[in-house]
Amino acid sequence: MAIEGPLKELGIHDVFQLLDLSRKTGRLSVNSKLRQNNGCVYFETGVVVYAEIESNPHLLGGLLMRSGKISEADLDRAREMQLRGDDRRMGEVLVAIGAITQKELEHQVRFQIEEVVFELLSWQEGYFSFVEGELRDLPTKVSISTASVLMEGARRIDEWSLIERRIPNLDVVPAFAQLKPDGDDASLDLLPAEWEVLTAVDGDRDIRQIATVLGRSEFETAKMIFGLDSADVLTLRSRPHVRRSIAEEGKAFEDLMRRADEALSAGEPESARRYAESALADHSQEPTAHLMLGEIDLAEHRASDAEDNLRRTLRMEPMLAKAHRLLGNALAMQGQHQEAVQWWQRWLKLEDDSEEREREVERVREALKAVEKLDNLLSTSRE
């Protein structure tokens, strides 16, 4: 069963309610050309179990590390286990090695899902499409009542109408207010979460950056900063924006991508990643930026991360030839040889006028022969 149409005719809240009442299982895709963004929400018998959005491509491991839940050593160890053949998801591996508890993992996944859903619920234009079917190959699933999500989404929209009087956007930068004359200051009676926000205020980070540092939602962070501003603990200022022409923005993006490519060619993947992530910050919908990150992941032997970035690339640009070949490489590194063969064979059939094609054709054909030989050896050993 497929349900689709413009959000102007059937609002996203109504779509959620329809899927909840009819207890549907499948994937809801929502696309907005105005926002240049798209997201997916997965339902199981009418319950939300997973969600993702293109404007927030951050992987679970990185989010857990930035929020202080795990260390870089924990993340490296989990990635190493995946490279050695552990086919479990990143979250499952982190639980297995004791870096986080199952409850902490589910809490983080739930947080990610809710933030995506709340973002989509604010969209009043765009196009939706629901495809019914069994859900497969999803990361850790968390069951969230659709009714509770809709209620919370409505509450947030109401609260935003009040918050935006002081905080018109997330680029607002909070700073500590000037102290009052001696004797006039009352003792602060703040919640632990508010004290935590204050520790991240440095007069330079905007609200979006503070939320990322704390691993909290942008809404909750803005809400607390609104309260602290109202109590004269913080002051708010808008970050000055330098408007650039489309041509200038394109030139800046191309320059960052060129620098990333040069750094990667020079054997400096860390520098390449910094350039690629800077390019991605203002161009989250550029498939070539995700492609570059996938290539950097491969150089650092992070096959699972590379697979995620390359699949994201191909969702944006299905005919991007290089992404087919690199995805095959990432899958082969994880021992998924049969699927790797499929992507390599697709690449061989695609037109690719890049300078490296001739060189890579021979490598791919050699890899295909190696996989075939391995399969024959394994078949012989079973007989």
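Remember, it's a predicted structure, so these values are computed and weren't measured experimentally. Because only heavy atoms are used, hydrogens play no part in the values below, and waters and symmetry mates are left out as well, while side chains stay in.
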**Message:** Let's go through Y127 and E4 carefully: what are the C-alpha distance in whole Å and the side-chain angles of both, what is the deciding distance for side-chain contact (heavy atoms from CB on, under 4.5 Å) to 0.1 Å, and is it a yes or a no?
**Reply:** CA-CA 7 Å; Y127 193 88; E4 57 185 25; 3.5 Å; yes

**Request:** Take M292 and D261 through the test side-chain contact (heavy atoms from CB on, under 4.5 Å) and record every step on the way to the result.
**Result:** CA-CA 8 Å; M292 176 59 72; D261 186 57; 3.9 Å; yes

**Request:** Decide yes or no on side-chain contact (heavy atoms from CB on, under 4.5 Å) for T313 and L327, but give the supporting numbers first.
**Result:** CA-CA 10 Å; T313 300; L327 179 54; over 6 Å; no

**Request:** Test side chain to side chain donor-acceptor pair (under 3.5 Å) on Y275 and E262 and set out the steps.
**Result:** CA-CA 10 Å; Y275 288 127; E262 290 175 351; over 6 Å; no

**Prompt:** Passes salt bridge (charged side-chain N to carboxylate O under 4.0 Å, His left out), D255 versus R258? Steps please.
**Reply:** CA-CA 5 Å; D255 182 59; R258 177 182 57 78; 2.5 Å; yes

**Item:** Worked check of side-chain contact (heavy atoms from CB on, under 4.5 Å) between T235 and F176
**Value:** CA-CA 6 Å; T235 59; F176 288 100; over 6 Å; no

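No continuous path of ILVMFWY side-chain contacts below 4.5 Å connects W344 to L320, so the two sit in separate hydrophobic clusters. Criterion: ILVMFWY side-chain heavy atoms under 4.5 Å apart, direct or through other members. Under it, L310 and L264 are not part of a common hydrophobic cluster.
A donor-acceptor pair is defined here as one N or O able to donate and one able to accept, closer than 3.5 Å; no such pair exists between the side chain of H301 and the backbone of E80. Proximity of a side-chain donor or acceptor of R237 to a complementary backbone N or O of G203 within less than 3.5 Å is detected. With D202 contributing its side chain and R205 its backbone, the two residues share a donor-acceptor pair below 3.5 Å. The backbone N or O of F16 lies less than 3.5 Å from no partner atom in the side chain of T146, so there is not a single donor-acceptor pair.
S32 and E125 share a side-chain donor-acceptor pair at under 3.5 Å. Judged purely by distance below 3.5 Å, without hydrogens or angles, the side chains of E44 and Y50 never pair a donor atom with an acceptor atom. With 3.5 Å as the limit, one finds a donor-acceptor pair spanning the side chains of E307 and Q334.
Side chains of D305 and R79 form a contact here, defined as non-hydrogen atoms less than 4.5 Å apart. Between N38 and I53, the closest side-chain pair of non-hydrogen atoms is not below 4.5 Å. Looking at V49 and I144, their side chains never come closer than 4.5 Å, going by heavy atoms from C-beta outward. Annotation: side chain of L256 is not in contact with side chain of F253 (no heavy-atom distance under 4.5 Å). No side-chain heavy atom of V173 sits under 4.5 Å from any side-chain heavy atom of L236. Inter-residue side-chain proximity for E270 and E300 is flagged as met; some heavy-atom pair is nearer than 4.5 Å. Using a 4.5 Å heavy-atom cutoff, the side chains of F43 and T25 are not in contact. You'll find the side chain of V149 reaches within 4.5 Å of the side chain of F118, heavy atoms only.
Residue pairs meeting the salt bridge (charged side-chain N to carboxylate O under 4.0 Å, His left out) criterion with at least one member in residues 98-112, sequence neighbours excluded, are R110-E114.
Every ring-ring contact (aromatic ring centres under 6.0 Å, His included) that W160 has, sequence neighbours left out, goes to F219. For E339, the side-chain hydrogen bond (donor to acceptor under 3.5 Å, both in side chains) partners at least two apart in sequence or on another chain are R311, W343.
Shown are R365, R325, K322; of these, the salt bridge (Lys or Arg N to Asp or Glu O under 4.0 Å) with E360 is made only by R325.
The neighbour count for R156 CZ, taken as heavy atoms of other residues, nucleotides or ligands under 6.0 Å away, is above 12. Surrounding CZ of R346 are more than 12 heavy atoms belonging to other residues, nucleotides or ligands, all under 6.0 Å away. Counting non-hydrogen atoms of neighbouring residues, nucleotides and ligands closer than 6.0 angstrom, the NE2 atom of H13 exceeds 12 such neighbours.
Between S230 and R166 the shortest heavy-atom distance is OG-NE, 3.6 Å. For the pair L94 and A78, the tightest heavy-atom approach, listed with the atom from each and the gap, is CD2-CB, 3.8 Å.
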